[in-house]
Amino acid sequence: MSDAETLSVYADKATDYADLVRTSDENPDMQRFLSRLSAGNSTLDIGCGPGFAAGAMAAAGMDAHAWDPVPEMLAIASDLPGVTARQAGYDELTSSEAYHGIWANFSMLHTPLAHWPDQFQRIANALKPGGIFHFGTKLGAGQSRDKIGRLYSYVSEEGLQDLLTEAGLVLEFSRTGEEAGLSGEVAPFIVVQARKPE
């Protein structure tokens with residue numbers, strides 16, 4: 001489920017957000033993700049925003065799919081070579097064993113925390129056995145809006161580990177840090193990579 005106010009902010013600021021998150025293929029999280037995949041593998045960048053992660057996957061020879069509920073974001077993603085863009089979100093993820101890798105980078109945090117167990121299970125179901133899952137989110141507790149109106153749900157490291165375990169995913173890597181986002185506010189975050197057992 002997507003929050004209408006959050007989607008409106010991203011629609012209005014699609015170009016600004018694209019400028020903020022534009023990264024090269026040298027991104028270490030992306031390199032870690034790609035290192036576990038092979039050319040021709042099917043990948044999904046869900047909550048893709050401008051789709052730069054999907055673009056990196058396509059450039060590495062993947063069958064790269066990019067999903068986002070914001071048309072203004074998809075307009076950017078659809079211009080990237082080799083990327084198949086679709087207006088969709090976590091509720092539309094109903095496939096079984098369809099992807100070798102799923103990238104969900106700082107997108108699920110805009111959905112209510114109560115929906116996260118179902119969304120993690122959808123991701124686990126959509127991964128092929130042995131598939132790789134990248135996930136980024138902000139650390140904390142509760143739910144709030146930032147100063148530009150975006151909804152945020154926060155989770156602890158322990159809570160995130162529980163979500164992965166309950167979905168049947170095995171944690172392989174994690175890192176934490178702090179950074180400023182589109183609103184300029186600095187917040188702690190966590191990035192993990194997990195695997196679906198064979």
Side-chain angles (χ1 to χ4, degrees), residues 2 10 17-18 20-70 73-74 76-111 115-116 119-138 155 160 163-164 167-177 179 181 189-196:
S2 298
Y10 280 119
Y17 187 73
L20 178 69
V21 301
R22 192 180 305 275
T23 57
S24 73
D25 295 350
E26 300 305 313
N27 178 297
D29 294 322
M30 177 55 65
Q31 288 302 308
R32 185 178 305 106
F33 182 78
L34 293 177
S35 73
R36 299 295 306 277
L37 299 165
S38 302
N41 281 177
S42 181
T43 58
L44 173 63
D45 179 5
I46 188 165
C48 67
F52 298 136
M57 297 172 207
M62 311 292 167
D63 176 20
H65 298 258
W67 289 11
D68 199 276
V70 179
M73 291 293 187
L74 288 176
I76 301 170
S78 63
D79 282 341
L80 299 173
V83 172
T84 301
R86 175 185 173 194
Q87 187 173 353
Y90 290 95
D91 289 346
E92 286 73 41
L93 188 57
T94 58
S95 53
S96 177
E97 298 186 2
Y99 301 101
H100 296 89
I102 295 178
W103 179 274
N105 198 50
F106 297 92
S107 60
M108 194 182 293
L109 48 65
H110 294 307
T111 67
H115 295 273
W116 286 28
Q119 291 169 169
F120 268 77
Q121 193 60 62
R122 287 171 182 268
I123 286 167
N125 292 344
L127 281 170
K128 294 178 180 289
I132 297 301
F133 174 45
H134 165 94
F135 185 75
T137 194
K138 293 189 177 184
V155 69
L160 179 54
L163 285 164
L164 291 168
L169 298 168
V170 179
L171 181 66
E172 294 192 332
F173 169 85
S174 70
R175 70 176 179 90
T176 58
E179 66 181 4
F189 69 85
I190 185 168
V191 168
V192 302
Q193 183 169 288
R195 173 181 50 84
K196 182 176 180 176

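Only a predicted model underlies this, so the values are computations on that prediction, with no experimental measurement involved.
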If you compare all heavy atoms of [X] against all heavy atoms of [Y], which two are closest, and at what distance to 0.1 Å?
X	Y	value
Leu80	Pro50	CD1-O, 3.6 Å
Lys138	Leu109	N-CD2, 3.6 Å
Ala54	Ala64	O-CB, 3.5 Å
Ala53	Asp45	CB-OD2, 3.4 Å
Gly101	Leu37	N-CD2, 4.1 Å
Gln119	Thr111	NE2-OG1, 3.1 Å

Q) Taking the side chain from Asn125 and the backbone from Ser96, do they hold a donor-acceptor pair closer than 3.5 Å? A)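 No; zero donor-acceptor contacts below 3.5 Å.
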Q: Using atom types as modelled and distance alone, determine if a side-chain donor or acceptor of Gln87 lies under 3.5 Å from a backbone N or O of Pro69.
A: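 Flag set: sc Gln87 to bb Pro69 pair under 3.5 Å.
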Hey, does [Y] have a side-chain heavy atom less than 4.5 Å from the side chain of [X]?
X	Y	answer
Leu93	Tyr99	yes
Phe173	Arg32	yes
Trp67	Cys48	no
Phe135	Leu160	yes
Phe133	Val192	no
Ile102	Phe33	no

Using 0.5 Å steps for rounding, measure from the [atom1] atom of [X] to the [atom2] atom of [Y].
X	Y	atom1	atom2	result
Asn27	Asn105	CG	CG	8.0 Å
Ile123	Met108	CD1	CE	4.0 Å
Arg122	Glu92	CZ	CD	8.0 Å
Ser95	His65	OG	NE2	10.0 Å
Arg86	Ile46	CZ	CD1	9.0 Å
Met57	His100	CE	NE2	14.0 Å

Q.
Name the residue from Thr43, Ile132, Leu44, Asp29 that meets the side-chain contact (heavy atoms from CB on, under 4.5 Å) definition with Trp103.
A.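 Testing Trp103 for a side-chain contact (heavy atoms from CB on, under 4.5 Å) against Thr43, Ile132, Leu44, Asp29 leaves exactly one candidate, Asp29.
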Q.
So that I can tick it off, tell me whether Arg36 and Glu172 are bridged by a salt bridge, with the cut-off set at under 4.0 angstrom between side-chain N and carboxylate O.
A.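 Arg36 and Glu172: salt-bridged.
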